[in-house]
Amino acid sequence: MDILENVALKDYTFWKIGGPADYFCLPTNSGEVREAVEWARSRGVAVTVLGGGTNVLVSDRGVEGLVLCMRKFSGVKTEERDGRLVLEATAGSPKSELTKQFLKRKLAPALFLCGLPGDVGGGVVMNAGVAEAVQPREFVEITDWVEILDLQTLQVRRLQKSEVTWTYRHTSGWQPGIVLAAGISWPLQADEEIPRKVKDATKVRLSKQPLELPSCGSTFKNPKPHSAGALIDQAGLKGYQVGGAQVSPKHANFIVNVGGAKADDVKAIIDHVKAVVRDKFRVELETEVKFLGRWA
Ligand SMILES: Cc1cc2nc3c(=O)[nH]c(=O)nc-3n(C[C@H](O)[C@H](O)[C@H](O)COP(=O)(O)OP(=O)(O)OC[C@H]3O[C@@H](n4cnc5c(N)ncnc54)[C@H](O)[C@@H]3O)c2cc1C
């Protein structure tokens with residue numbers, strides 16, 4: 001496996017933003033993931049994992065050490081067993097591959113998965129899901145086990161769903177580690193309405209979200225019982241712009257790259273939005289997006 005130097009990460013993030021990784025590799029299997037980690041350890045450099053890059057803000061000053069991009073570690077094994085569709089997906093498999101398998105059989109998980117970009121590993125790490133009252137609506141509901149490379153022992157461990165702590169857009173109990181694969185299943189109970197519902201949900205998303213521009217989806221978590229988007233909108237911040245980054249006029253929780261945005265532009269917007277919402281509503285917004293690289 002090649003370990004490259006000084007690779008521009010903007011080419012690996014959905015936002016099209018980010019400076020270079022000191023070192024960069026694209027492992028294709030768990031052996032190569034371990035090899036990469038051992039390589040980094042032997043040189044005393046840090047390891048950062050990148051999935052589909054749909055929920056990260058990479059610093060303009062780049063990422064220190066080795067970035068492992070999981071997108072080539074891709075593959076989904078499919079089986080129908082004991083009345084369930086059983087999938088074994090490696091971390092870099094696109095979520096759209098799961099959607100395809102569920103949709104083909106008219107199974108309910110297709111409905112929430114159809115709106116989620118990025119990879120399976122990122123889906124587990126973020127407990128990705130949708131706000132709509134559909135069932136299932138988060139990764140926790142479809143995942144049976146998670147396989148990780150334990151970064152303390154460098155052993156591969158399979159954790160049952162109950163050994164992982166699943167909360168809103170976050171999981172814990174597996175760190176320090178790298179997610180290698182997930183076991184996913186759902187009862188084989190076809191619902192003839194699923195294909196239509198998926199089409200309708202896609203239409204709604206296209207009409208409400210600025211999907212024509214690079215973003216990271218929702219920038220902030222919803223501070224329950226509020227909606228982050230509604231608070232930002234009520235604060236009059238739609239259209240607020242710094243450099244090439246803008247609070248989307250279409251959906252206030254999306255910060256879009258309208259052309260040549262820097263990570264520092266996005267960070268300046270995030271800080272401004274948090275300050276205004278705090279002042280106006282006494283609500284502390286927390287980012288859903290993960291900051292990678294040199295921010296200090
Ligand atoms: C247009 C758009 C719409 C979106 N809509 C939604 C939505 O409706 N609901 C929702 O929940 N999210 C949404 N998102 C956010 C994002 O798609 C999800 O959080 C997704 O699950 C992130 O997956 P990823 O592979 O891109 O992860 P990345 O963005 O690459 O990484 C996210 C975090 O996980 C870590 N990570 C990734 N892979 C691994 C691994 N294998 N092992 C260890 N750590 C890892 C990274 O270091 C980082 O901290 C949206 C994003 C966009 C751009």
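Counting starts at 1 for both ligands and their atoms, following the listed order.
Counting non-hydrogen atoms of other residues, nucleotides and ligands closer than 6.0 Å to NZ of Lys221 gives a total above 12. Environment of CG in Asp82: sparse, with no more than 12 heavy atoms of neighbouring residues, nucleotides or ligands closer than 6.0 Å.
For ligand 1, the polar-atom distance check against Gly121 finds no nitrogen or oxygen pair separated by under 3.5 Å. Between Arg169 and ligand 1, at least one N/O pair is under 3.5 Å apart. For the pair Asp119 and ligand 1, the shortest N or O to N or O distance falls below 3.5 Å. For ligand 1, one of its N or O atoms has an N or O atom of Val179 under 3.5 Å away. For ligand 1, none of its N or O atoms has an N or O atom of Val130 under 3.5 Å away. For Asn127, no nitrogen or oxygen atom sits less than 3.5 Å from a nitrogen or oxygen atom of ligand 1, counting backbone and side chain alike. Residue Gly51 has at least one nitrogen or oxygen atom sitting less than 3.5 Å from a nitrogen or oxygen atom of ligand 1, judged on distance alone.
Within the structure, side chain to side chain donor-acceptor pair (under 3.5 Å) contacts touching residues 10-22 (residues at least two apart or in different chains) are Asp22-Arg294. For residues 121-132, there are no salt bridge (charged side-chain N to carboxylate O under 4.0 Å, His left out) pairs, not counting sequence neighbours.
Relative ring orientation between His251 and Phe254 is described as tilted, the plane-to-plane angle lying within the 30° to 60° band.
The distance from ligand 1 to the heavy atoms of Leu211 drops below 4.0 Å at these ligand atoms: 1 (C). Against a heavy-atom cut-off of under 4.0 Å, Phe14 is close to the following atoms of ligand 1: 53 (C). The contact set between ligand 1 and Met126, taken as ligand atoms under 4.0 Å from a residue heavy atom, comprises 19 (O). In summary, the atoms of ligand 1 found under 4.0 Å from a heavy atom of Gly123, numbered by their order in the structure, are 21 (O). Residue Ala91 approaches ligand 1 through these ligand atoms, each under 4.0 Å from one of its heavy atoms: 41 (N). Interface atoms of ligand 1 facing Cys216, defined by a heavy-atom separation under 4.0 Å, are 15 (C), 50 (C), 51 (C), 52 (C), 53 (C). Of all the atoms in ligand 1, the ones that sit under 4.0 Å from a non-hydrogen atom of Lys95 are 20 (C), 21 (O), 22 (C), 23 (O). Interface atoms of ligand 1 facing Ala128, defined by a heavy-atom separation under 4.0 Å, are 11 (O), 21 (O).
Of the possible donor and acceptor atoms, none in the side chain of Ser74 sits under 3.5 Å from a partner among the backbone N and O of Arg71. No donor-acceptor pair under 3.5 Å is formed between the side chain of Lys72 and the backbone N or O of Gly92. A donor-acceptor distance shorter than 3.5 angstrom exists from the side chain of Glu32 to the backbone of Thr28, with no hydrogens or angles considered. Put simply, the side chain of Asn222 gets close to the backbone of Ala228: a donor and an acceptor are under 3.5 Å apart. Between the side chain of Ser215 and the main chain of Gly217, a donor-acceptor pair closer than 3.5 Å is present.
No heavy atom of Glu138 sits closer than 4.0 Å to any atom of ligand 1.
The protein heavy atom nearest to atom 32 (C) of ligand 1 is Val56 CG1, 4.0 Å. With respect to atom 40 (C) of ligand 1, the closest heavy atom belonging to the protein is Val49 CG1, 3.6 Å. For atom 2 (C) of ligand 1, the closest heavy atom belonging to the protein is Gly217 CA, 3.5 Å. The nearest heavy-atom contact from the protein to atom 33 (C) of ligand 1 is Lys290 CG, 4.0 Å. For atom 12 (N) of ligand 1, the closest heavy atom belonging to the protein is Glu288 OE2, 3.8 Å. For atom 28 (P) of ligand 1, the closest non-hydrogen atom of the protein is Gly53 N, 3.7 Å. Shortest contact from atom 13 (C) of ligand 1 to any protein heavy atom: Leu116 CD2, 4.3 Å. In this structure, the protein non-hydrogen atom closest to atom 36 (N) of ligand 1 is Val125 CG2, 3.9 Å.
None of Gln155, Gln175, Arg157 except one satisfies the side chain to side chain donor-acceptor pair (under 3.5 Å) rule with Asp150; the exception is Arg157.
Contact check on Glu138 versus Arg169 returns a salt bridge, with a Lys/Arg side-chain nitrogen under 4.0 Å from an Asp/Glu carboxylate oxygen.
Using modelled atom types, one finds no donor on one side chain facing an acceptor on the other under 3.5 Å when comparing Ser96 with Thr99.
Distances from atom 10 (C) of ligand 1 to the heavy atoms of Gly122, Pro210, Gly129 show the closest one on Gly129.
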**Asked** Can Glu193 and Arg196 be said to form a salt bridge (Lys or Arg N to Asp or Glu O under 4.0 Å), step by step?
**Response** CA-CA 6 Å; Glu193 291 289 288; Arg196 181 192 57 77; 2.6 Å; yes
**Asked** Thr48 and Phe24: side chain to side chain contact (heavy atoms under 4.5 Å, CB included), yes or no, with the steps?
**Response** CA-CA 9 Å; Thr48 299; Phe24 179 85; over 6 Å; no
